[in-house]
Structures are given as structure tokens and as C-alpha cells.
S.K.: 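This structure is in C-alpha cells; I'll ask about it shortly.
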Amino acid sequence: MALTGRAALIAALGALLVGLLPGWTGLLAVEVPLLLAILYDLLRAAPVRKLRFTRTGDTSVRLGERASVSLVVTNPSSRTLRARVRDAWPPSSWRAGEGHTASRHRLTLAPGESARLTTTLHPGRRGDRHAHRVTVRSHGPLGLAARQGGHHVPWTVRVLPAFESRKHLPARLARLRELDGRTSILTRGEGTEFDSLREYVPGDDTRSIDWRATARQSTVAVRTWRPERDRHVLVVLDTGRTSAGRVGDAPRLDAAMDATLLLTALASRAGDRVDLLAYDRHTRASVRGRTAHDVLPAFVEAMAPVEPALVESDARGMTATALRLARRRSLIVLLTGLETSAVEEGLLPVLPLLTQRHTVVLGAIADPRIEEMAQARGTVEGVYEAAAATRTRAERRSTADRLRRHGVLVVDATPDSLAPALADTYLALKAAGRL
């Protein structure tokens with residue numbers, strides 16, 4: 001049961017009458033009629049427990065977009081339902097300040113009728129959002145009291161990664177097409193694949209002349225090459241504690257996922273096979289053996305519920321799992337932190353196991369705030385911030401240099417530039433025939 005503000009107002013006005021008629025006479029003259037009115041309201045209010053609920057609507061939405069979930073309410077009782085309904089979801093289902101109004105609805109429903117209430121979600125974080133209880137407050141005809149109860153009506157909306165780096169894909173695909181059409185002199189390298197024969201033109205590398213084909217025709221024929229296809233790319237997401245650090249408004253893991261999606265879209269268009277491994281101390285997500293058509297949706301679905309774990313990643317276990325997934329020579333893209341202690345104690349001892357057989361690219365997310373702090377001057381606090389930022393940058397450069405000496409290609413970039421930088425590195429390896 002719940003009393004409304006109207007009942008409280010009538011009780012307050014009744015207190016004035018009690019003051020005019022002191023004693024039990026005034027008290028009974030006010031309280032008894034009010035109590036009877038409240039009981040009448042409760043008796044005439046539609047029962048809450050008998051209401052029936054069903055849900056329809058969106059089951060997935062990209063981060064930053066809106067999703068609509070409908071709640072169909074059926075009133076099987078013989079009384080009119082005058083209710084306020086709260087469709088409760090986790091606070092992260094809306095932006096700040098939106099949840100209070102978006103989750104509450106007013107409803108008047110005649111006996112035997114149904115109505116549809118639509119709740120619009122605007123999630124601010126990735127992952128699964130589960131509906132909480134539906135709370136109904138059924139008011140009586142006088143508006144003095146209400147019956148209240150809750151129903152569990154399950155529904156899940158999966159919030160997918162935003163893939164904001166999609167805007168960089170057309171430019172990289174254009175470069176990929178240009179790479180496919182280059183002559184042998186520009187794409188000649190280890191592991192390049194023969195594509196076709198064409199007529200010799202001045203300026204072509206004489207080493208590309210196909211003498212057997214030339215002997216069978218009246219013109220000189222040269223071989224053309226294309227970048228390797230059907231190569232294996234394994235993207236490894238480190239979901240340990242370093243991925244939980246927030247850069248701007250999002251954790252580092254979200255920026256790593258965005259870079260993963262751009263690289264996956266590009267590599268699948270290039271004819272390569274892309275697999276995914278998300279790991280900290282055990283496998284959080286894994287995608288293997290998908291075709292070019294469904295690899296990107298599979299990556300999105302697999303990464304959506306993955307959250308950073310506040311534990312130190314097991315670099316040895318991660319390496320062993322990656323080697324099991326990459327049986328033959330592959331490009332392994334490791335998205336992790338570049339913190340000195342984590343790299344020296346975890347990654348460096350096991351790195352030779354990867355580099356002796358595979359091409360390894362390490363992608364790390366740099367904090368743009370560090371660059372801002374490095375430029376700070378004019379105050380004592382600013383000087384200290386600049387000194388701390390300069391030391392941090394020096395440590396990251398030193399760590400990156402140590403990784404490069406072990407044969408690792410290091411891409412250290414801010415969240416906005418990591419995805420295109422990683423895609424450019426992939427294209428450069430593709431052009432050089434190093435996959």
C-alpha cells in the first residue's frame with residue numbers, strides 16, 4: 001500500500017479542524033472519514049498481482065545509439081487500472097539525468113484491455129543490460145491511496161562496441177585496392193603471390209620477365225604480383241588490469257576493441273582469415289574459423305560482454321593459448337599496455353616464443369592527457385605535471401625500444417589514432433610480403 005500526496009494534504013488540512021475542535025471530537029471528525037476514504041480507494045484500485053506483462057523490442061544496440069523496449073500490460077480484472085509504472089533498468093542504461101523520466105509511465109487501462117509502454121534506452125557502457133522489476137502503483141478513484149507491487153519481466157539488451165573507427169575503412173580499402181593493382185617492382189618481396197601476365201612496358205623490372213611465356217608469344221611478357229591472401233591474423237586482447245585504465249570517458253579496452261574491428265574489417269576484405277582471443281588469466285572470448293562474411297558480426301558479439309578484469313594478466317598462459325590458435329606462420333596483433341613493469345615482468349620473458357615463428361605487432365593506447373601535461377608551464381603544479389609526463393613518455397619509449405629489439409612492431413597511439421595506425425601497419429606488412 002502507498003499513500004499519495006493528496007492524502008497527506010487532506011490530513012494537513014484536517015489538522016486545522018482538529019485545532020478548532022479540540023479533543024476526540026475533532027480528531028474523529030477528521031481521521032475517520034479520511035480512513036474510510038483510503039479504505040474505499042484501496043478496495044476500488046485494480047489488483048496489481050493479476051496484471052500480465054510481455055516484452056518486445058530491441059535485443060542489441062551499438063554503444064551511443066538508442067534502443068526501444070516495449071512492455072505490453074494486460075488488465076484481466078474487472079476494475080479500471082489507474083497506475084504509474086516504473087520499468088527499472090541499470091543506471092548505465094541511460095545517460096546522466098535521463099533515467100528518472102525515461103523509466104516511468106502513466107497508464108489508464110479499462111478492464112480486459114491491453115496497452116503498450118515503450119522505454120527508450122541510451123546505454124553509456126558496453127555489455128548486457130538486464131531489465132529489473134516492473135513496479136506498478138495502482139491508484140483508486142479518489143487518488144488517496146494505491147496498491148503497489150512488482151513483477152519480474154526478463155529482457156536483455158546487449159550493448160555492442162560502437163566501431164567509431166568505421167569512418168577510416170573506406171580510405172584503407174582504397175589503399176588496399178591500390179596495393180592489389182601495383183606492378184611487381186612495387187610489391188616484390190618475400191612471399192608475394194603470382195597474379196597474372198601482362199605486356200612489358202619500359203621501366204618494368206627485367207627480373208619480372210617470364211621468358212617461357214615470352215617464347216610462346218610475339219611480345220615480352222612480365223609477371224605481376226599481388227599481396228598474399230588467405231594469411232592468418234590473430235588479434236589478442238589483453239583484458240587484465242592495464243585494460244581497465246580509463247582514457248578520457250572510456251576504458252582502454254574499448255579503444256582496443258575499436259582498433260580490432262577496423263583491422264578485422266580490413267583484413268577480411270583483403271582475403272585473410274582473422275581470429276580473436278581475449279585473455280587475462282583465462283580465455284574471456286574466442287572466435288575462430290569464421291568466413292569473411294560473418295567474422296565482423298562474430299567479433300562484435302564476442303567482445304560486447306567482455307569487461308576488464310582487475311588482475312595481472314598471465315602472459316605465459318596468453319602466449320601458450322595464442323600459439324595453440326596460430327599453428328602456422330601468422331600475424332599476431334597483441335593489444336595490451338606499455339607499462340614498464342607489466343612488459344618486463346610478464347611479456348618480455350615469453351616474447352621469443354612468439355617472434356621466432358610469427359610476425360608480432362603490439363598495439364598500445366597512449367593517454368592524450370600525458371601530452372597536455374608535458375606542455376604545462378607557468379605554475380609550480382604545471383612544472384611538476386610536465387616533469388611527470390616527460391618521465392612517463394621516456395619510460396614508454398624505452399619499453400617500446402626494448403620490444404623492437406626483440407623483433408616486435410610497436411604501435412603506440414592515442415585512442416582516436418590507434419585504429420588507423422594499426423590498419424596502416426597491416427597494409428605496410430601486406431605490401432612488403434611479411435605476412
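We're numbering straight along the sequence, starting at 1.
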S.K.: What residues, two or more places apart in sequence or in another chain, satisfy side-chain contact (heavy atoms from CB on, under 4.5 Å) together with P111?
M.R.: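 Counting only residues at least two positions away or on another chain, P111 forms a side-chain contact (heavy atoms from CB on, under 4.5 Å) with T80.
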S.K.: Could you tell me whether the side chains of R329 and T359 share a donor-acceptor contact shorter than 3.5 Å?
M.R.: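 Side-chain D/A pair, R329 to T359: present.
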S.K.: For D238, check salt bridge (Lys or Arg N to Asp or Glu O under 4.0 Å) against everything at least two apart and list the hits.
M.R.: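 Expected list: none.
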S.K.: By the salt bridge (charged side-chain N to carboxylate O under 4.0 Å, His left out) test, which pairs, at least two apart or in different chains, include something from residues 129-158?
M.R.: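 Of all non-adjacent pairs touching residues 129-158, those that pass salt bridge (charged side-chain N to carboxylate O under 4.0 Å, His left out) are D128-R158, R158-E301.
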S.K.: Residues two or more places apart in sequence or in another chain: which of them pass salt bridge (Lys or Arg N to Asp or Glu O under 4.0 Å) with R357?
M.R.: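 R357: no salt bridge (Lys or Arg N to Asp or Glu O under 4.0 Å) contacts found.
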S.K.: Less than 3.5 Å apart, which donor and acceptor atoms pair up between the side chains of residues 253-261 and the rest of the protein, not counting sequence neighbours?
M.R.:
from: D254; atom 1: OD1; to: R126; atom 2: NE; distance (Å): 2.9
from: D254; atom 1: OD1; to: R126; atom 2: NH2; distance (Å): 3.0
from: D258; atom 1: OD1; to: E164; atom 2: N; distance (Å): 2.8
from: D258; atom 1: OD1; to: S165; atom 2: N; distance (Å): 3.2
from: D258; atom 1: OD1; to: S165; atom 2: OG; distance (Å): 3.4
from: D258; atom 1: OD2; to: S165; atom 2: N; distance (Å): 3.3
from: D258; atom 1: OD2; to: S165; atom 2: OG; distance (Å): 3.1
from: T260; atom 1: OG1; to: A256; atom 2: O; distance (Å): 2.8

S.K.: Do any N or O atoms from the side chain of W155 and from the backbone of S70 form a donor-acceptor pair under 3.5 angstrom?
M.R.: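 Between the backbone of S70 and the side chain of W155 there is no qualifying donor-acceptor contact (under 3.5 Å).
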S.K.: Taking only residues two or more places apart in sequence, or in another chain, which ones meet A315 in a side-chain contact (heavy atoms from CB on, under 4.5 Å)?
M.R.: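 A315 satisfies side-chain contact (heavy atoms from CB on, under 4.5 Å) with V350 once adjacent residues are dropped.
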S.K.: Going by salt bridge (Lys or Arg N to Asp or Glu O under 4.0 Å), name the residues that satisfy it together with D412, two or more places apart in sequence or in a different chain.
M.R.: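 Per chain and number, D412 pairs via salt bridge (Lys or Arg N to Asp or Glu O under 4.0 Å) with R396.
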S.K.: Would you mind reporting whether V361 and V408 have side-chain heavy atoms less than 4.5 Å apart?
M.R.: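 In short, these two side chains do not touch, never coming nearer than 4.5 Å.
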S.K.: Can you list every pair that meets ring-ring contact (aromatic ring centres under 6.0 Å, His included) and has a residue in residues 48-83, with sequence neighbours left out?
M.R.: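 Only F53-H151 qualify under ring-ring contact (aromatic ring centres under 6.0 Å, His included).
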S.K.: Which pairs with one or both residues in residues 308-327 pass salt bridge (charged side-chain N to carboxylate O under 4.0 Å, His left out), sequence neighbours excluded?
M.R.: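 Those involving residues 308-327 are R241-E312.
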S.K.: Quick one: salt bridge (charged side-chain N to carboxylate O under 4.0 Å, His left out) pairs with a partner in residues 83-112, sequence neighbours left out?
M.R.: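 Every pair satisfying salt bridge (charged side-chain N to carboxylate O under 4.0 Å, His left out) with a residue in residues 83-112: R55-D87, R66-E98.
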S.K.: Could you tell me which residues satisfy salt bridge (Lys or Arg N to Asp or Glu O under 4.0 Å) with E385, sequence neighbours excluded, listed by chain and number?
M.R.: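 Counting only residues at least two positions away or on another chain, E385 forms a salt bridge (Lys or Arg N to Asp or Glu O under 4.0 Å) with R369.
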S.K.: Tell me every residue that passes side-chain contact (heavy atoms from CB on, under 4.5 Å) with A115, counting only those two or more places apart in sequence or in another chain.
M.R.: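 Per chain and number, A115 pairs via side-chain contact (heavy atoms from CB on, under 4.5 Å) with L107, L109.
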S.K.: For residues T414 and D416, is any side-chain donor paired with an opposing acceptor at under 3.5 Å?
M.R.: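 Absent: no donor and acceptor within the cut-off.
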